Amino acid sequence: MTGFDTFVMVDWSGGNDRGPTPKPDAIWSCVAGEAPVYHRNRQVAESWLAELIARETGAGRRLCIGFDFPFGYPAGFAAAVTGSDDPLNLWDWLEARIGDDPKSNNRFDLAGEINRKLGVNGPFWGNGLKRDVPGLPRTRAGYENPFAERREVEARTPGVFTCWHLAGAGAVGSQVLMGLPVLARLRRRFAGQVAVWPFEPLTRPVAFVEIWPSLLAPVVSDVLARQVEAGEPVVKDAVQVRVTAEALAALAPGELSLLLDVSAPEEGWILGSGQSDVLLRAAGVMAPPPLRNDCFALPPGVDWTPVDDALALLRDRLHPVAAPEDAALRDAAGRILAADVTALRANPPQANTAVDGYGFAGPAPEGVNTLPIHLGRAAAGARFDGVVPPGYALRILTGAALPEGVDTVVLDEDLSVDPGKRIAFHGPLKRGANTRAAGEDVNSGDTILSAGRRVTAADIALLSATGHDRVRVCKPLRVAVLSTGDEVVEPGSSARPGQIYDANRPMLMAMLRGFGVEAVDMGRCADDREVLRAGLDRAAQEADAILTSGGASAGDEDHVSALLREAGAMQEWRIAVKPGRPLALGLWQGRPVFGLPGNPVAAMVCTLIFARPALMRLAGADWSAPQGFSVPAGFEKRKKPGRREYLRARVRDGRAEVFKSEGSGRISGLSWAEGLVELPDGALHVRPGDPVCYLPFSGFGIT
Ligand code: AMP
Ligand code: MG
């Protein structure tokens with residue numbers, strides 16, 4: 001059982017109290033999903049950890065705590081010191097001897113004592129004190145070490161420091177001496193609740209694991225650079241623990257199990273050593289940064305923006321804002337993958353037979369082949385564990401793993417059988433005939449699905465077959481929908497002359513559901529700036545993005561654009577498209593706002609063509625264009641140059657028909673249509689039979 005609910009990483013320190021103001025080189029910890037915490041000294045950190053363990057286990061949550069120092073020493077040291085090679089005995093041995101208070105501790109003296117006990121000028125070296133410590137060399141002159149300089153894992157992990165080195169920049173030796181006693185006490189205090197990796201099976205609610213945040217150095221530097229750019233205070237230790245915690249929390253459970261699957265019973269291991277690509281990929285799907293303020297800025301001097309340019313701008317400027325989460329496969333259909341997925345198991349996992357028949361060692365030569373039958377049978381789920389001798393054939397049924405001695409199968413229909421004695425068939429038969437090779441579909445470790453993909457039913461089959469029962473997906477994007485206009489009233493209520501029923505909001509909510517995002521109904525707002533301001537405030541609190549309809553032009557009553565302009569984040573996108581009025585794009589309290597035209601036809605077309613790909617991108621999906629089909633026109637139309645046009649259309653008898661009126665208030669035409677015909681930006685005369693591009697509504701995910 002390796003699934004954990006809470007991940008906490010700790011960057012340890014071997015030094016003395018660092019004071020109340022957060023400083024580097026003190027102890028920093030971070031719970032994934034929360035802000036890093038500063039601990040001025042080990043005593044504070046120990047009680048924080050004890051409280052955390054009590055709280056999490058009390059709430060029935062499984063907790064994984066990572067510490068950035070070795071849990072063991074190179075082979076032989078534990079036995080030389082304690083008489084036992086159990087590293088956990090060494091933890092207790094050290095705990096009984098290390099004295100630690102905020103101002104001073106005896107780590108150098110204890111190291112000197114150990115050196116003297118071993119009777120050599122080592123293995124510990126380096127002295128941070130002014131006074132000399134008997135037995136502890138200050139430098140490596142005349143240094144002797146009866147043990148390996150590095151643990152096996154350290155030899156394989158470039159850049160780590162050794163645990164023998166006690167003083168100076170980067171020295172980790174002091175952290176081990178001052179850290180293991182704390183872990184030993186916590187282990188005792190929570191006896192039976194803590195398992196130490198990789199020494200004990202992780203069957204208890206709390207796991208202590210050894211980490212090395214430098215495995216994630218590229219991500220840490222990225223975050224630091226962003227903080228510097230934003231003028232934020234920068235503490236590397238704080239970023240390291242946060243990045244590591246988020247990365248481990250972002251791993252799919254199967255990936256974490258793979259990382260944990262090591263054997264290092266005496267020396268311990270660094271989680272993720274040699275597999276930092278897995279960690280880096282997981283860290284890449286940390287909760288993403290907010291959108292930039294200028295994400296909707298248009299190049300200066302542009303008057304009417306062509307549709308393709310507008311789409312390219314949205315594609316380049318927007319990035320996913322949805323945070324990742326885990327989902328069980330049964331809930332994963334339609335969700336967007338937050339990380340690439342690799343096969344945990346090959347498909348097929350072992351070579352097997354594609355048919356019912358007899359298996360033998362191929363090939364079979366031309367002519368009649370007669371093979372004696374070997375006793376036994378192989379069926380799917382009932383392996384034949386013996387070996388089939390050369391020249392013999394074994395009864396084998398579809399899906400059965402090929403037993404040793406079988407690589408070729410002859411199909412029932414192609415053979416005659418003398419029951420229990422022999423089979424005969426006509427060759428030739430190639431080696432491997434009628435079998436499926438292990439991994440011929442997918443090999444273990446292959447990338448099977450990429451981040452940004454919307455999970456299909458077939459993907460769920462692939463994920464299941466390759467060993468997954470959960471996947472990392474993006475949290476559903478929440479999109480608020482708000483209608484504006486004094487004339488707009490709620491459907492079903494009584495409407496006075498001059499009032500119209502709100503058609504856009506129910507339509508947009510239904511469309512959003514088709515896009516696979518979560519629609520949040522924010523109701524209607526009158527054409528009143530303060531009412532609308534409050535409406536946008538609520539929407540920004542409730543949702544990740546906002547769709548408004550109406551009030552988006554530059555007129556007196558166009559309060560959506562006025563408010564966005566007032567917030568300094570308004571861009572009026574005059575896109576060369578018909579139908580469509582200017583689109584008001586902006587950020588309201590950091591949430592992207594798509595100010596759609598009020599007219600339902602234009603609102604729908606703008607949503608399909610512009611808002612949909614933008615929202616899908618924000619939701620974590622790859623940028624996608626709707627799939628168009630070339631269909632002969634069933635109509636005639638002349639079009640002027642300058643604007644791209646979308647006509648309400650449907651296909652009948654293999655031809656695209658368009659709605660009889662292009663009037664943009666004609667909602668009945670939207671309902672009549674089953675898709676759109678897209679006419680290019682230039683001038684055009686479409687005659688019946690000419691090919692046109694038809695975009696079915698189903699390609700946008702709506703019906
Ligand atoms: P506006 O963009 O606010 O100038 O509105 C353009 C046209 O769309 C006007 O005729 C509005 O009455 C109409 N309209 C605005 N909002 C809606 C809505 N939610 N449902 C139906 N029609 C609307
Ligand atoms: Mg209006």
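These numbers come from the heavy atoms of this one structure, side chains and all, not from hydrogens, waters or symmetry mates. Nothing here was measured: the structure is a model prediction, and the numbers come from that model. Numbers here are sequence positions counted from 1. Each ligand, and each atom within it, is numbered from 1 in the order the structure gives.
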Taking side-chain contact (heavy atoms from CB on, under 4.5 Å) as the definition, give me every residue that meets it alongside Val531, ordered by chain and number, with sequence neighbours left out. Cys525, Asp528
Sequence neighbours left out, what passes salt bridge (Lys or Arg N to Asp or Glu O under 4.0 Å) with Arg643? Give chain and number order. none
Would one find an N or O of Asp502, backbone or side chain, under 3.5 Å from an N or O of ligand 1? yes
Is ligand 1 less than 4.0 angstrom away from at least one heavy atom of Glu487? yes
Is Asp459 salt-bridged to Arg453, cutoff N-O under 4.0 Å? yes
Given 3.5 Å as the limit, does a donor-acceptor pair link the side chain of Arg591 with the main chain of Ala543, or not? yes
If you measure from atom 5 (O) of ligand 1 to every heavy atom of Ala503, Pro600, Gly598, which option wins on shortest distance? Gly598
Quick one: does Arg612's side chain have a donor or acceptor within less than 3.5 Å of a partner on Phe700's backbone? yes
Ligand-residue contact atoms, ligand 1 with Asn599, heavy atoms, under 4.0 Å: 6 (C), 7 (C), 8 (O)
Check contact between Gly551 and ligand 1, using heavy atoms of the residue and a distance below 4.0 angstrom. yes
Per-atom contacts of ligand 1 with Tyr501, taking only distances under 4.0 Å to non-hydrogen atoms: 20 (N), 21 (C)
